[in-house]
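Inspection log for the structure reproduced underneath, given as structure tokens.
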Protein chains: 2
Amino acid sequence: MTLDERKKRILESIIKDYVESAEPVGSRAIVKKHDLRVSAATVRNEMADLEDMGYLEQPHTSAGRIPSESGFRYYVDCMMERENLVEDEVELLQKILKDNLQDWDEVIQSIGNFLSQVTRYTSFIIVPTVKFDEFKYIQLVPVEKGKAMVIVVTDTGVLMHRRIDIPQSVETKELQSINEVFNRLFARKKFAELRKTDLQSLRDELNQRKKVIDGILEAIENLTENTGEEKVVISGILNMLNEPEFKNLDKLKKILAILEEESVLKALLPEATGDTVDITIGRENRLDDAKEMSIVLAGYKIFGEVGRVGVIGPVRMEYWKAAGTVDSVRTIIDEVLKKHY
Amino acid sequence: MTLDERKKRILESIIKDYVESAEPVGSRAIVKKHDLRVSAATVRNEMADLEDMGYLEQPHTSAGRIPSESGFRYYVDCMMERENLVEDEVELLQKILKDNLQDWDEVIQSIGNFLSQVTRYTSFIIVPTVKFDEFKYIQLVPVEKGKAMVIVVTDTGVLMHRRIDIPQSVETKELQSINEVFNRLFARKKFAELRKTDLQSLRDELNQRKKVIDGILEAIENLTENTGEEKVVISGILNMLNEPEFKNLDKLKKILAILEEESVLKALLPEATGDTVDITIGRENRLDDAKEMSIVLAGYKIFGEVGRVGVIGPVRMEYWKAAGTVDSVRTIIDEVLKKHY
DNA sequence: GTTAGCACTCTCGTTTGTTGAGTGCTAACC
DNA sequence: GGTTAGCACTCAACAAACGAGAGTGCTAAC
């Protein structure tokens, strides 16, 4: 269903005004403000048409119109032009990233802050579990009497560790030789090949240092099983409070409940689909409690896995800015990851 | 200034009722509910006295009384009996901790969740920077062509790492020998002794593998300088929304702004003082924006440093429950830390 | 097809009146 | 002297009534 130019023009005017003011917009107002070359009465007729088509709705008879979710959807799909980050902003982000590059957690946090500050919405970043294929290196470090640390480095450069108990009698020398055995056995070993039976046979083989070996094997099993959940980082929740649609405490509570509970949030966010920016508007969301929110989301790649980054805000969202920003940020993340990891 | 029994009784009744209902409490109401053996008129007279002393205040003439901050202070200091965790709760917490013991971050998160769920207030935990004295172990692990990872284990069992670039030409064998040199030099070296001049002389000494060494030294310098900030973990922010005093959006915004910004929150929370539970009521707080909140806080010990744990809520707080719970949790943390680290 | 004019609708803010909880004071009581 | 019943008074909270203003839909003229 395609609209004629004038209807498009009117729909756009209403959307822009409504997004800015959060108030229903009337015929007179847009004629004045957007210099449409027709009278308010004409606009009213067109607005009635747009309402029939489902793109506008009226909170009550004597109010102006507001865009319906379909209206936003039409605009986003057929009319919208993204506003990408301007050069200054890109440089700022790149600088921020460079300054924090050593610490991955910091990088994520910074991106989240940046995104929520630029868009004025709440941002989220999902960091996927980086699966690993191979053991790169295993090290056993004595920490204090009776305690040691098992350190595993994977081919993707992920560092994992577990504390284990060891018999007090074991010498550092001995640990060193156990170390070597492990490294010989595991080096370049595909993770997928490491089945429990393997671990078992290893256990038998090294039976004489049973206690220590058991501890290590258990730690490794534990590490490989529990490869860690996806991590979710939220930033700029405070921005939600500025949206007039969430002045209502009950609504606010529902929204914060979603944002505070990782599992719920994960259930809400759509999968990342390829290289596109995905926009979910209002009732399109999977959760009923999120039916007044919209999500703008893009995927980024990290070690073969796909992470997600985006913003979440009211249906009355500056989609053009949000989509452009999220897309730019995704691109920058991809670049930085490619370069440095 | 000490109060006679009846005044105490009345003050307590008012505090209990007010904390429960968040409404001013009238003379009739407490006579009925708390079975004081006098009439409402008598209570009114006593209440007038208590108001003169500054322990009660009246929102407006024809309303009941509410406890003033001094009233709460008097109650907390002179009358309150803490309600510690009951045995079931203690066991639950211990179990939660045991299940997550391998991952320190998880432990902290669990404690925070537990605390906010039990008290129904917002909980916070500050994990101090664990300073370290000695290098325990340094390892250089090649990750991929041109990249390696420097892993440092300290005497306190903290694991730190940095990625560095290395010339593609360097062989794994070579890395191994560099490794050994480092471990020989650093082992048991007090951190305090490691001055830049030392690093410089080392640089000279190992001049021939300059590129690699430089990278490593830089990473180590970087690690020791930036020993990491204290970490702050907040949990149960949502509980704030249930407090009627924060129904007002502006107040809520101020509070969430404090909770969201780590630096501000750190500025607000008082230092931990020895083994006592510290209670800060309303305007006693350092920040003006926090003048309607109270903080209940205790210190715990970790590797010689002091961390802080507690809850934050409205002035109208169940101090007895909060103080008891925080104290119990502190004790349990201390025990668990002592046992497992 | 477009536009001016106009009656109509509905929200929002203000005002006014009513209700009820709670107080402070006084006078009587023990 | 301390305690209590009685009563007039105060004030917030709620509801009903009202007017103003914004915006619409319809009709008739251009």
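Each chain gets a letter, A, B and so on, in the order the sequences are listed, and its residues count up from 1. What you are looking at is a predicted structure, and each value in this text was computed from that prediction instead of being measured.
- Here the side chain of A:Tyr74 pairs a donor or acceptor atom with the backbone of A:Leu3 at under 3.5 angstrom.
- Looking at heavy atoms from C-beta onward, B:Val43 lies out of side-chain contact with B:His34 at the 4.5 angstrom threshold.
- Only B:Gly26, B:Ser27, listed by number, bring a heavy atom of residues 24-32 of chain B to less than 4.0 angstrom from any atom of DNA chain C.
- In this structure, A:Lys33 pairs ionically with A:Glu20, as a charged nitrogen and a carboxylate oxygen lie closer than 4.0 Å.
- Listed by chain and residue number, A:Arg44 satisfy the side chain to side chain donor-acceptor pair (under 3.5 Å) test with A:Ser27 (two or more places apart in sequence, or in another chain).
- Every residue two or more places apart in sequence or in another chain that forms a side-chain contact (heavy atoms from CB on, under 4.5 Å) with A:Lys247 is listed here: B:Leu249.
- Atom CZ of B:Arg283 is surrounded by 12 or fewer heavy atoms from other residues, nucleotides or ligands within 6.0 Å.
- Side-chain atoms of A:Arg316 come within 3.5 Å of backbone atoms of A:Val19 as a donor-acceptor pair (strictly under, hydrogens ignored).
- Between the side chain of B:Glu260 and the backbone N or O of A:Ile237, at least one donor-acceptor pair lies under 3.5 Å.
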Both atom distances under 3.5 Å, Watson-Crick or G-U wobble: I'd like the secondary structure of DNA chain D as a dot-bracket string, with | for pairs made across strands.
||||||||||||||||||||||||||||||
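- Heavy-atom distances under 4.0 Å link DNA chain D to B:His60, B:Thr61, B:Ser62 of residues 59-71 of chain B, given in residue order.
- Within residues 10-17 of chain B, no residue approaches DNA chain D, by heavy-atom distance under 4.0 Å.
- Residues that satisfy the ring pair (Phe, Tyr, Trp, His ring centres under 6.0 Å) test with B:Phe124, not counting sequence neighbours, are absent from this structure.
- The pair B:Glu284-B:Arg73 meets the salt-bridge criterion, since a charged nitrogen lies less than 4.0 angstrom from a carboxylate oxygen.
- Atom pair B:Asp49:CG and D:dT3:P shows a separation of 11 Å (rounding to whole Å applied).
- Scanning for side chain to side chain donor-acceptor pair (under 3.5 Å) contacts around A:Arg28 gives an empty result, with sequence neighbours left out.
- With sequence neighbours excluded, no residue satisfies side chain to side chain donor-acceptor pair (under 3.5 Å) with A:Asn248.
- Side-chain N or O atoms of A:Ser123 include none that pairs as donor or acceptor with a backbone N or O of A:Gly310 at under 3.5 Å.
- When atom types are taken as modelled, the side chain of B:Asn285 and the backbone of B:Gly282 share a donor-acceptor pair closer than 3.5 angstrom.
- Below 30°, between 30° and 60°, or above 60°: for B:Trp320 and B:Tyr75 the angle between ring planes is above 60°, a perpendicular geometry.
- Contact footprint of chain A on DNA chain C: nucleotides with an atom under 4.0 Å from a non-hydrogen protein atom, first to last in 5' to 3' order, C:dT2 to C:dT11.
- Non-hydrogen atoms lying under 4.0 Å from DNA chain D are contributed by A:Arg44, A:Met47, all within residues 37-47 of chain A.
- Distance NZ (A:Lys33) to P (D:dG23): 13 Å, rounded to an integer number of Å.
- Taking B:Ser70 as the reference, B:Tyr55, B:Ser68 meet the side-chain contact (heavy atoms from CB on, under 4.5 Å) condition, with sequence neighbours excluded.
- Judged purely by atom type and a 3.5 angstrom limit, B:Arg65 has no side-chain atom pairing as donor or acceptor with the backbone of B:Ile14.
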